[in-house]
Number of protein chains: 2
Amino acid sequence: MTTVTRVPRGEARARLIEAARSLVRHRGFAATSVDELCAAAGVTKGAFFHHFPSKEALGVALVDDWTAMTGAMFAAHPYNTKADPLDRVFAYIDLRRELLGQPLPEFSCVAGTTVQESYETSPPIRAAAERSIRSGFDHVRRHLEEALAAHPVPGITADSLAQQFQVATQGGIILAKALNDPAPAREAFDHLERYLRLLFGR
Amino acid sequence: MTTVTRVPRGEARARLIEAARSLVRHRGFAATSVDELCAAAGVTKGAFFHHFPSKEALGVALVDDWTAMTGAMFAAHPYNTKADPLDRVFAYIDLRRELLGQPLPEFSCVAGTTVQESYETSPPIRAAAERSIRSGFDHVRRHLEEALAAHPVPGITADSLAQQFQVATQGGIILAKALNDPAPAREAFDHLERYLRLLFGR
DNA sequence: ACAACTATACCGACTAGTTGGTATGTAATC
DNA sequence: GATTACATACCAACTAGTCGGTATAGTTGT
């Protein structure tokens, strides 16, 4: 007697995205089949193609959901309340380092993983990844703008500095995957912090 | 009358790796089929499985070939002859920035792309990517060791600093792919150079 | 010098299983 | 009673990998 615990009506879409987030982080997008996705979500193919016109469309939805998820997480964090903008930036770095305590597939970035496979093959997914990455450095950019307004550094823009946060994040993840060790990802933030302290004279 | 220009005997293996390098950079490993690989190399499936026991084996060969290729390229470059180790490091950064002048798929890193898809699904490919990444920062590490010996910086090791070169490289590539623009990759090296100048007081 | 043998390099048809996607049906909800 | 939210059965195309065969190069005995 197999207990057919069905996914409650209305939850299929969310479950599919959840399953996709996990599977894509572990295996990548191309290597994850629609059938696997459905099995992991506890849903049939009918449900899949009811909610998404294609696998590609799920990819876009996945990345956009990721953008919203991470955005909400960073926006809700108490580090935003600190008075000094540079303190907020350093607290943000602390937060990112904390995230690296989880197992590797748990801190890997859905947008970063996805864009590697789709930047040429799927414009819609690439565009979604771009939105995600941009939203990522928009978070720090505001704090950096404030910090630079109070303490200008010649030749440095908030924009290009904010990009370095994503460079450290994404580069750190790849190193961690290649060396099978989260340490280099952590060190990437150590160096970024030191760089900022040198720039701002802290 | 179709001119069946056959690949000369003995070249099939090299052609397959060449084709793989190109296709993987454009589409990723999982999304590239063995049939596509053979077609691009101008070779049949018999040749493929004569030289490689599996698609995974080709992946390993591809990444190892990549390691040898890039290693030889950096080793042969004139920047190695400069007297001052830090000058060598800066010249290396210049070289990397120059490479970013090519179209995106041409400067993307085979190891970085591959490890994203295979770090959990294929231990042999992940191991090959690890070799590649390590060989990548071994190049700069020697120069950094010399530079640090002459001008020690408290709390900084050549190893962890060398890793930052790969972080900048890999992170820059992902940003470039996501934003569809090589500029952030170049800026990653600008910031890395400024960081080094601050650390070493140049 | 040449035939006989062996090993390597490659060809191309085939297969069993998987792929993304569809067509049609049915139960719940508005 | 119409729309939404699924389930099930199905399909053509493609997947990695196999297998019997052939063409070429190297080796060896005479």
Side-chain angles (χ1 to χ4, degrees), chain A residues 2-20 23-24 26-63 65 114 117-118 120-125 128, chain B residues 2-20 23-24 26-63 65 114 117-118 120-125 128:
Chain A
T2 38
T3 30
V4 187
T5 339
R6 273 213 188 151
V7 170
R9 192 182 171 89
E11 287 188 15
R13 197 193 132 99
R15 293 253 195 156
L16 278 165
I17 289 186
E18 215 175 307
L23 282 170
V24 166
H26 283 273
R27 301 205 236 295
F29 183 73
T32 302
S33 74
V34 174
D35 281 334
E36 281 176 310
L37 244 11
C38 294
V43 144
T44 61
K45 263 184 145 168
F48 186 103
F49 286 99
H50 172 72
H51 289 288
F52 308 103
S54 65
K55 191 191 171 189
E56 184 183 46
L58 166 91
V60 173
L62 164 66
V63 177
D65 177 81
T114 313
E117 302 181 65
S118 61
E120 264 206 332
T121 54
S122 168
I125 295 185
Chain B
T2 38
T3 29
V4 186
T5 338
R6 271 210 189 154
V7 169
R9 189 184 173 87
E11 286 188 17
R13 198 193 130 98
R15 294 253 195 155
L16 277 166
I17 290 186
E18 214 176 307
L23 282 170
V24 166
H26 282 273
R27 301 205 235 295
F29 183 72
T32 302
S33 77
V34 174
D35 281 332
E36 282 175 311
L37 244 12
C38 294
V43 144
T44 62
K45 266 204 155 144
F48 186 103
F49 286 100
H50 172 72
H51 290 287
F52 308 103
S54 64
K55 190 191 169 189
E56 183 183 45
L58 166 91
V60 173
L62 164 67
V63 176
D65 176 82
T114 313
E117 301 180 66
S118 60
E120 265 206 329
T121 55
S122 168
I125 295 184

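The chains referred to below are lettered A, B, ... by the order of the sequence lines, with proteins before strands, and numbering in each begins at 1. Small disclaimer: the values here were computed from a predicted structure and weren't measured.
Although no hydrogens or angles enter the test, the distance criterion places a donor-acceptor pair under 3.5 Å between the side chain of E117(A) and the main chain of A30(A). Remark: the backbone N or O of A57(B) is paired with a side-chain donor or acceptor of S54(B) at under 3.5 angstrom.
Which of dC10(C), dG21(C), dA7(D) sits closest to the side chain of T44(B) comes down to dC10(C).
Closest of all the heavy-atom pairs between A19(A) and A40(A) is CB-CB, 3.9 Å. Closest approach of F29(B) to K55(B), counting heavy atoms only: O-NZ, 3.1 Å.
Remark on DNA chain D: of its neighbouring residues R9(B) and D35(B), the 5'-side contact belongs to D35(B), judged by nearest-heavy-atom nucleotide. DNA chain C is contacted by both G46(B) and S33(A); G46(B) maps to the nucleotide lying nearer its 5′ end (nearest heavy atom per residue). Heavy-atom nearest nucleotides on DNA chain C were determined for G10(B) and for F49(A), and the one closer to the 5' end corresponds to G10(B).
Look at CG on L37(A): it is 15 Å from P on dC6(D), rounded to the nearest Å. Between H51(A) atom NE2 and dT3(D) atom P the separation is 18 Å, expressed in whole Å. Residue R13(A) contributes atom CZ, which lies 19 Å from atom C1' of dA7(D) at whole-angstrom precision. Atom P of nucleotide dT24(D) and atom CD of E11(B) are separated by 16 Å, given to the nearest angstrom. In this structure, F52(A) atom CZ and dA5(D) atom P are separated by 12 Å, rounded to whole Å. In this structure, F48(B) atom CZ and dC14(C) atom P are separated by 22 Å, rounded to whole Å.
Residue H50(B) places at least one side-chain N or O under 4.0 Å from the OP1 or OP2 atom of dA9(C).
One N or O donor and one acceptor, one from the side chain of K45(A) and one from the base of dG21(C), sit under 3.5 Å apart.
E36(A) comes within contact range of no nucleotide atom at all, as no heavy-atom separation falls under 4.0 Å.
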